[in-house]
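What follows is a set of notes on a single structure, which appears directly below.
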Amino acid sequence: MPIFSATFASYTSISFLSASQSQSHLSPFLNFPHKFTVKTPWQWQHHHYHTHKLLISASGNTQIDQNLESGLLQRPTPPDPQDEARLARRSSDWKAAKAYKDSGLIYNGRVEGFNSGGLRVRFYSILGFLPFPELSPVHTCKEPEKPIQEIAKGLIGSIISAKVILADEDNKKLIFSEKEGAWSKFSKHINVGDIFEGKVGYVEDYGAFVHLRFPDGLYHLTGLIHISEVSWDLVQDVRDILKVGDQVRAKVVGIDWVKSRITLSIKQLEEDPLLETLDKVIPQDGSADLDSLSGGDGDSIEPLPGLETILEELQQEDGISDVRISRQGFEKRVVSQDLQLWLSNAPPTNQRFTLLARAGRQVQEIHLTTSLDQEGIKKALQRVLERVP
């Protein structure tokens, strides 16, 4: 029976030993099994070789290491040019995504699906993500009764305008914001002092977020009404006054262009009664509320807590000759539990200005006899308040 050895590389050679050869030539193979070294190519283009073991038994059967059998004598598949082109294109698209982020340009992307957290948006060869909180309010205001998942399902196949807010190639994260896209487009049409119809979107402890309706009838931007701007009354809980879905009128009182924020106010659409005179609290026509009081003798009125010291300090200011409480009243509303001082807009009479002090529901009217003008009184008040703890 022939005995053979084999060496496999970039070619295969086989040599046979005949039975007529001397026994001395066969002696190395008498003790079976015997192990041979076999070299197989693994990277043809560089002519590198792996070394594996080939086992020949006495029965003539050849066994190959199972870990190598599948690759033995198989030529590796060369790189696919299409794969290389695909990788190059994806890298180029990531650079484009970063360019969109840095420039702030709006991208119009196709919605290809959604999950529990948001929409999947196509960006060339990359699939990006738009979280539900970054959707424009236009969708939820159009169909307020639908859950967000149903709204997302209806958006599949549509084109959505959004900004790239994160482009991280290393972590494969591409995040969009439709809110930011809407801000770029519609914020140029708003100004401080504008009045909008709006719809309450959600309420927090510190205020209510209101979606603003634009002339096209759609709600594109959202502003915050802080708890202090909900009402002239003292508001302990915003939810006592505003509920999700409520229609409101609000005034734009601030715009932060850097942080893309709008500040709104409801109470500034109404006039603070104390910016006029105490006559709104204690009418002089006899129509005062039963729980309102007026005192004809100011000396009999006990000053509000902390007010007496302020009045004493005011009399020490140059230009102020007399300071006294003239009357007081009680409001139905509570604006603040803390002491507040207001300089009335009412014009002075005989060098006498009106100062209003408010704490809780109680209001006191103070008359200042002074040679100072309104601006001089404001500066005097500021100096006094800096001295009084």
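Positions are given from 1 along the sequence.
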Any donor-acceptor N/O pair, Arg110 side chain to Ile159 backbone, under 3.5 Å
no

Check for me, please, whether Ile151 and Leu130 land in the same ILVMFWY cluster - side-chain distances under 4.5 Å, paths through other members count.
yes

Taking everything shown except Asp318 itself, do over 12 heavy atoms lie less than 6.0 Å from its CG?
no

Check for me, please, whether Val164 and Ile175 land in the same ILVMFWY cluster - side-chain distances under 4.5 Å, paths through other members count.
no

Answer yes or no: is there a side-chain heavy-atom contact under 4.5 Å between Leu105 and Lys163?
no

Scanning both residues in full, the closest heavy-atom pair of Val258 with Asp256 reads N-OD1, 3.1 Å

Please identify which of these residues, Val323, Ile325, Ile310, Leu314, meets the side-chain contact (heavy atoms from CB on, under 4.5 Å) condition with Leu355.
Leu314

Verify the cluster assignment for Leu269 and Leu264: are they in a single hydrophobic cluster under the rule of side-chain heavy atoms below 4.5 Å apart?
no

What do you reckon, is CD of Glu145 surrounded by more than 12 foreign heavy atoms closer than 6.0 Å?
no

Under 3.5 Å, is there a donor-acceptor pair between the side chain of Lys267 and the main chain of Ser228?
yes

Using 0.5 Å steps for rounding, measure from the OG atom of Ser260 to the CD1 atom of Ile255.
11.0 Å

Pair Glu180 + Lys101: basic N to acidic O under 4.0 Å
no

Would you say that Leu307 contacts Leu341 through its side chain, given a criterion of any heavy-atom pair below 4.5 Å between the two side chains?
yes

For Leu242 against Ala208, the heavy-atom pair lying closest together
CD1-CB, 3.7 Å

Does some side-chain heavy atom of Leu224 sit less than 4.5 Å from a side-chain heavy atom of Phe209?
yes

Is there a side-chain contact between His139 and Glu178, using heavy atoms and a 4.5 Å cut-off?
yes

Which pair of heavy atoms, one from Ile227 and one from Val235, lies closest together, and at what distance?
CD1-O, 3.5 Å

Provide the closest heavy-atom pair for Val200 versus Val203 in the form atom of the first, atom of the second, distance.
CG1-CG2, 3.8 Å

Can Ser326 and Glu365 be counted as having a side-chain donor-acceptor contact under 3.5 angstrom?
yes

So Tyr107 and Tyr100, would you call those rings parallel, tilted or perpendicular, with 30° and 60° as cut-offs?
perpendicular

Are the side chain of Gln364 and the backbone of Leu304 linked by a donor-acceptor contact shorter than 3.5 Å?
yes

Working to the nearest 0.5 Å, report the span between OG1 of Thr222 and CG of Leu212.
7.0 Å

Heavy-atom closest pair, residues Trp183 and Arg261:
CH2-N, 3.8 Å

Note: Glu197-Arg213 ion pair, threshold 4.0 Å (strictly below):
no

Backbone of Ser125 reached by a side-chain donor or acceptor of Arg122 within 3.5 Å:
yes

Are Phe123 and Ile106 connected, step by step, through hydrophobic side chains (Ile, Leu, Val, Met, Phe, Trp, Tyr) whose heavy atoms are closer than 4.5 Å?
no

Heavy atoms only: give me the nearest Asn115-Phe129 pair and the separation to one decimal.
OD1-CE1, 3.4 Å

Inspect the surroundings of NZ in Lys188 and state if more than 12 heavy atoms from other residues, nucleotides or ligands are less than 6.0 Å away.
no

Rounded to the nearest 0.5 Å, what's the gap from CD1 on Ile160 to CG on Leu135? Could you check?
5.5 Å

CD1 of Ile126 to CZ of Arg89: how many Å apart, nearest 0.5 Å?
9.5 Å

Rounded to the nearest 0.5 Å, what's the gap from NZ on Lys251 to CD on Glu229? Could you check?
10.0 Å

Heavy-atom donor-acceptor pair, Thr370 side chain to Gly319 backbone, under 3.5 Å:
yes

Over 60° means perpendicular and under 30° means parallel, so tell me whether Phe214 and Phe196 are parallel, tilted or perpendicular.
tilted

Is there a path of hydrophobic side-chain contacts, each under 4.5 Å between heavy atoms of I/L/V/M/F/W/Y residues, joining Phe176 to Leu221?
no

Are the side chain of Ser321 and the backbone of Thr369 linked by a donor-acceptor contact shorter than 3.5 Å?
yes

So Glu134 and Lys179, side chain to side chain contact (heavy atoms under 4.5 Å, CB included) or not? Walk me through it.
CA-CA 5 Å; Glu134 293 299 326; Lys179 277 185 178 179; 4.1 Å; yes

Apply side chain to side chain contact (heavy atoms under 4.5 Å, CB included) to the pair Glu270 and Ser231, showing each step before the final yes or no.
CA-CA 9 Å; Glu270 302 175 358; Ser231 171; 5.9 Å; no

Return yes if some donor-acceptor pair links the side-chain N/O of Lys243 with the main-chain N/O of Arg239 below 3.5 Å, else return no.
yes

One pair to check against side chain to side chain contact (heavy atoms under 4.5 Å, CB included): Glu308 and Glu312. What are the steps and the verdict?
CA-CA 6 Å; Glu308 185 174 8; Glu312 292 174 355; 3.9 Å; yes

Report the distance from atom NE2 of His367 to atom CZ of Arg327, rounding to the nearest 0.5 Å.
6.5 Å

